[in-house]
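Structure first, commentary second.
As the structure is a prediction and not an experimental result, all values here were calculated from the model.
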Amino acid sequence: QVHLAESGGGSVEAGGSLRLSCTISVEMSSFCMGWFRQAPGSEREGVAGIDSDGNTVYADSVKGRFTISLDNAKKTLYLQMNSLKPEDTAMYYCAADGFRPVSMVVAVNGRNGFGYWGQGTQVTVSS
């Protein structure tokens, strides 16, 4: 069974930075992992993804500001978020599943392709 646990959320002012972490309970040799977010009243959307080949993908809204990375030794997925904006405010979730096109993370309803989810961590950006 795969368990994911996010941490690192918090409250920051616009222009600030946060780094989210997601610890994974098992080592996955072939996978796709991603960060998703959900604001109140909105659907859960993909933010960034990475696969076991090292391919990455980003939503247009975060390109150039967010960076996804994976430390295999620590079994930890990261999301470095810089130049944060109020519209980045949301609950952030990490997700994982077997290997699939990393583009799925940011596709419409891409969330439906992932079976393992963390409990989420809140990010609040004030103006």
**Any donor-acceptor pair under 3.5 Å from Ser52 side chain to Phe31 backbone** = yes
**Message:** Assess whether a salt bridge exists between Asp60 and Lys63, defined as any Lys/Arg side-chain N lying under 4.0 Å from an Asp/Glu carboxylate O.
**Reply:** yes
**Prompt:** Between the side chain of Asp53 and the main-chain N/O of Asn55, is any donor-acceptor distance below 3.5 Å?
**Reply:** no
**Request:** Taking Asn109 for its side chain and Asn112 for its backbone only, find out whether a donor-acceptor pair lies under 3.5 Å.
**Result:** no
**Item:** Closest approach of Lys75 to Ser25 (non-hydrogen atoms, all atoms of both residues)
**Value:** NZ-O, 3.6 Å
**Request:** Give a yes or no answer on whether the side chain of Arg111 reaches the backbone of Phe36 with a donor-acceptor pair at less than 3.5 Å.
**Result:** no
**Hphob cluster co-occupancy, Leu20 + Val106, side-chain heavy atoms under 4.5 angstrom** = no
**Request:** Quickly, which of Val105, Ile68, Val47 forms a side-chain contact (heavy atoms from CB on, under 4.5 Å) with Tyr58? Name it, please.
**Result:** Ile68
**Item:** Thr89 side-chain N/O to Val125 backbone N/O, donor-acceptor pair under 3.5 Å
**Value:** yes
**Prompt:** When you measure from the side chain of Asp97 to the backbone N and O of Gly115, does any donor-acceptor pair fall under 3.5 Å?
**Reply:** yes
**Request:** Return yes if some donor-acceptor pair links the side-chain N/O of Gln119 with the main-chain N/O of Ala5 below 3.5 Å, else return no.
**Result:** no
**Side-chain donor or acceptor of Glu6 paired with backbone N/O of Gly120 under 3.5 Å** = yes
**Request:** With side chain to side chain contact (heavy atoms under 4.5 Å, CB included) as the test, would you mind laying out the steps for Cys22 and Tyr93 before giving the verdict?
**Result:** CA-CA 9 Å; Cys22 174; Tyr93 301 88; over 6 Å; no
**Message:** Checking Lys74 against Ser21 for the side chain to side chain contact (heavy atoms under 4.5 Å, CB included) test, could you report, in this order, the C-alpha distance in whole Å, the side-chain angles of both residues, the deciding distance, and whether it holds?
**Reply:** CA-CA 11 Å; Lys74 295 182 178 179; Ser21 300; over 6 Å; no
**Prompt:** Is Trp35 reachable from Tyr78 through a run of hydrophobic residues whose side-chain heavy atoms are each under 4.5 Å from the next?
**Reply:** no
**Asked** Could you go step by step and tell me if Val62 and Leu79 meet the side chain to side chain contact (heavy atoms under 4.5 Å, CB included) rule?
**Response** CA-CA 11 Å; Val62 306; Leu79 184 68; over 6 Å; no
**Request:** Would you please test Ile24 and Met33 for side chain to side chain contact (heavy atoms under 4.5 Å, CB included) and show each step?
**Result:** CA-CA 10 Å; Ile24 307 156; Met33 298 181 185; 3.4 Å; yes
